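Working notes, structure below.
Here is the naming used below: chain letters follow the sequence lines, and residue numbers restart at 1 for every chain. Just so it is clear, the structure is predicted and the values come from calculations on it, not from any experiment.
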Amino acid sequence: MLDLKTVRKDPDPALAALARRKDGSQDRLAEALQLDERRREILPRSEQISAEQNAANDAIAQAKRDGADASDAIAKMKEIAAEGKALKAELAEVEERLATVMGQVPNPPDPSAADEDTEISRWGEPLPEGRDHIELAGHLIDMEAGARVAGSRFAYLKGDLVRLELAIVQFMMDKLGGQGFTPVIPPVLVRERALYGTGFLPDTEQQIYRLADDDLYLTGTSEVALASLHDGEILDEADLPLRYAGFSPCFRREAGAAGRDTVGIFRVHQFEKVEMFVFCSPEQGLEEHERILGIEESVMQDLQIPYRVVNIAVDDLGSSAAKKYDIEAWLPSQKQYRELTSCSNTTDFQARRLGIRVRGEGGSPRTAHTLNGTATALGRTIIAILENHQQPNGMVRLPEVLQKYGAPAEIGEK
RNA sequence: GGAGAGGUGGCGGAGUGGCUGAACGCACUCGCCUGCUAAGCGAGUAUGGGGUUUAUAGCUCCAUCGAGGGUUCGAAUCCCUCCCUCUCCGCCA
């Protein structure tokens with residue numbers, strides 16, 4: 001959500017930035033500005049009436065206290081109230097429309113966000129080709145049972161793959177703990193407000209599972225619950241940045257993805273993820289974004305997975321991000337880089353929607369900034385590890401760093 | 001799932017229709033005072049929005065007592081719905 005007060009003073013930068021998204025959002029902002037103007041036409045008149053009402057009210061109260069006859073004052077009050085009623089109804093309507101339109105305006109992209117997906121760096125030496133994760137560990141992934149029990153794009157992970165996943169999680173929590181992140185297991189069922197606040201609604205409803213009998217949604221990322229952890233709060237600037245590492249399952253309907261990535265667990269309806277989330281001051285945002293990216297790269301290097309970093313195109317940012325980096329891992333079986341993690345600077349977009357502010361020494365509150373990034377998406381990380389550490393004999397030698405966290409040294413069908 | 005109680009400012013806690021943006025206490029800030037400390041005295045201390053303004057300063061108006069509706073000339077106070085917290089019973093990982 002944009003700050004109308006700021007935009008109103010100088011609309012052009014926001015309109016120009018939104019135009020880069022090529023989704024017509026600058027038109028919605030323009031509509032919002034018109035509604036805002038209308039609102040500020042009506043509001044002073046409405047408030048004027050309220051003030052008269054308050055004054056008349058005081059007169060009635062005074063008369064009653066003095067034991068005098070208040071019927072004249074009451075009659076006047078009735079008149080004023082009736083006059084204000086229509087105006088207030090109109091105001092409420094304008095404000096409701098304004099809120100709806102503003103809720104649909106995405107975050108204006110940062111100037112440094114790319115026009116097209118742009119590779120900005122590369123690391124590691126990719127294998128030219130190789131077996132896919134099903135060929136390598138299919139005996140530990142039961143897609144048939146998954147489909148039978150829950151439908152397509154569900155799987156059972158078994159045996160050493162589970163040990164591998166849990167080792168990665170423990171490794172991540174250790175690593176992130178050292179970087180000031182507090183481990184969190186958040187709710188994965190949330191109210192609409194949490195999804196609205198993070199900008200997933202109204203925007204990506206077709207991706208979100210909703211419960212039939214309760215007003216709850218299954219979250220596609222713990223970002224939703226982590227952002228809402230401080231819903232409505234004013235944070236002490238001295239405590240910032242607040243960094244959380246959420247570990248949770250993630251649920252995505254993958255509507256519209258039919259026919260894409262149908263092999264194995266690359267694209268499934270349910271997976272686990274460790275997610276970084278940061279609350280910080282406006283000044284700290286840029287630095288935190290680079291820091292999160294640095295951590296994500298460091299994880300790839302720890303796990304010895306060749307990757308590239310991509311500055312994501314403005315028209316692919318999602319509503320909340322002003323800028324986003326993806327880290328794409330090399331998958332030898334596909335002979336291409338595929339998204340493994342991403343990190344977004346959502347600036348004040350989510351914080352304003354959620355009413356999260358920061359207050360410094362003696363200052364008045366300002367809207368906070370938030371950022372998020374994938375520490376590790378377990379399914380895809382497992383795929384990348386399997387494919388990039390495969391041996392000519394079909395076995396997989398797992399990264400040494402994971403072994404002290406309980407991962408086996410080797411996976412495969414002997 | 002059943003039965004109750006309750007949600008007021010940073011905290012505690014008054015307030016059952018007008019004099020309450022909100023008593024009183026605590027905490028905090030500034031000043032005074034006491035050769036330190038403590039105590040004491042005085043003043044102040046919410047958030048959002050509109051207008052005015054070069055101004056996020058000041059002034060002024062409006063709104064806010066969990067949220068949203070309603071009754072009323074007037075609601076923290078009465079009614080309805082929702083959310084949340086707590087207690088007891090049941091169930092349960």
Side-chain angles (χ1 to χ4, degrees), chain A residues 1-10 32-103 185-197 211 213-217 225 228-239 247-249 281-283 348 351-369:
Chain A
M1 178 101 58
L2 281 74
D3 178 28
L4 256 181
K5 249 172 154 174
T6 307
V7 176
R8 181 193 295 151
K9 271 184 219 155
D10 186 15
L33 286 167
Q34 284 183 353
L35 287 165
D36 174 55
E37 205 172 314
R38 181 90 188 102
R39 169 173 180 266
R40 285 182 305 127
E41 265 170 40
I42 303 168
L43 189 60
R45 282 157 51 205
S46 166
E47 288 189 347
Q48 174 65 31
I49 288 170
S50 293
E52 284 172 27
Q53 232 168 320
N54 288 341
N57 200 17
D58 287 346
I60 296 170
Q62 188 61 47
K64 291 268 185 188
R65 253 172 283 138
D66 295 346
D69 177 29
S71 52
D72 282 358
I74 288 175
K76 188 182 173 206
M77 186 75 171
K78 271 184 170 158
E79 204 178 301
I80 296 169
E83 190 188 339
K85 202 170 178 186
L87 202 55
K88 280 174 184 165
E90 191 185 354
L91 180 65
E93 194 186 317
V94 169
E95 288 187 333
E96 193 186 327
R97 277 173 58 207
L98 178 59
T100 301
V101 174
M102 279 305 284
I185 294 180
V188 294
L189 283 169
V190 301
R191 291 218 181 87
E192 184 177 353
R193 171 168 169 84
L195 284 159
Y196 173 83
L211 299 203
D213 293 332
D214 299 275
D215 290 329
L216 292 171
Y217 299 80
S228 301
L229 182 56
H230 294 297
D231 185 345
E233 293 183 23
I234 299 178
L235 307 171
D236 187 341
E237 212 160 316
D239 299 334
F247 173 50
S248 79
S281 72
E283 292 74 26
D348 60 0
R352 182 164 293 108
R353 289 164 91 96
L354 287 166
I356 301 169
R357 290 167 293 172
V358 302
R359 182 181 353 236
E361 194 70 26
S364 53
R366 300 181 292 160
T367 301
H369 277 216

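- Annotation: G21(B) and U77(B) have their P atoms spaced 13 Å apart (nearest Å).
- I60(A) comes within 4.0 angstrom of a base, heavy atoms only.
- Judged by Watson-Crick or G-U wobble contacts below 3.5 Å, the nucleotide C28(B) has G44(B) as its partner.
- Rounded to whole Å, the C1' atom of G74(B) lies 44 Å from the corresponding atom of C89(B).
- Between A56(A) and M77(A), the shortest heavy-atom distance links the atoms CB-SD, 3.5 Å.
- Residue contacts shown for R39(A) are limited to sugar-phosphate atoms, with no base heavy atom under 4.0 Å away.
- Spacing between A46(B) and G10(B) at atom C1', rounded to whole Å, works out to 9 Å.
- Contacts of R357(A) with the nucleic acid, taken as non-hydrogen atoms under 4.0 Å apart, involve only primed sugar atoms and P, OP1 or OP2.
- Distances shown here put every side-chain N or O of R366(A) at or beyond 4.0 Å from the OP1 or OP2 atom of G48(B).
- A donor-acceptor contact under 3.5 angstrom links the side-chain atoms of E47(A) to the base of G49(B).
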Can you name the atoms? Protein N/O to nucleotides 74-81 of chain B N/O, anything below 3.5 Å, with the distance.
| residue | atom | partner | partner atom | Å |
| --- | --- | --- | --- | --- |
| G74(B) | O2' | N57(A) | ND2 | 3.1 |

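- The base-pairing partner of U16(B), taking Watson-Crick or G-U wobble contacts with both distances under 3.5 Å, does not exist among the strands shown.
- What you find for L216(A) and R191(A) is that their closest heavy atoms are CD2-N, 3.9 Å.
- Applying the Watson-Crick and G-U wobble criteria (two distances, each under 3.5 Å), G74(B) pairs with nothing in any strand.
- Nearest approach of K88(A) to S50(A), heavy atoms of both residues: NZ-OG, 3.2 Å.
- Contacts between residues 1-9 of chain A and RNA chain B, defined by a heavy-atom separation under 4.0 Å, are made by K5(A), R8(A), K9(A).
- Applying the 4.0 Å criterion to OP1 and OP2 of G50(B), one finds that R45(A) has every side-chain N and O outside that range.
- For G58(B), the paired base is U52(B) (Watson-Crick or G-U wobble, both distances below 3.5 Å).
- Shortest non-hydrogen contact noted between Y196(A) and M1(A) is OH-CE, 3.3 Å.
- Within 4.0 Å (heavy atoms only), D58(A) reaches no atom of the nucleic acid at all.
- C82(B) is paired with G66(B) under the criterion used here, namely a Watson-Crick or G-U wobble arrangement in which both key atom distances are under 3.5 Å.
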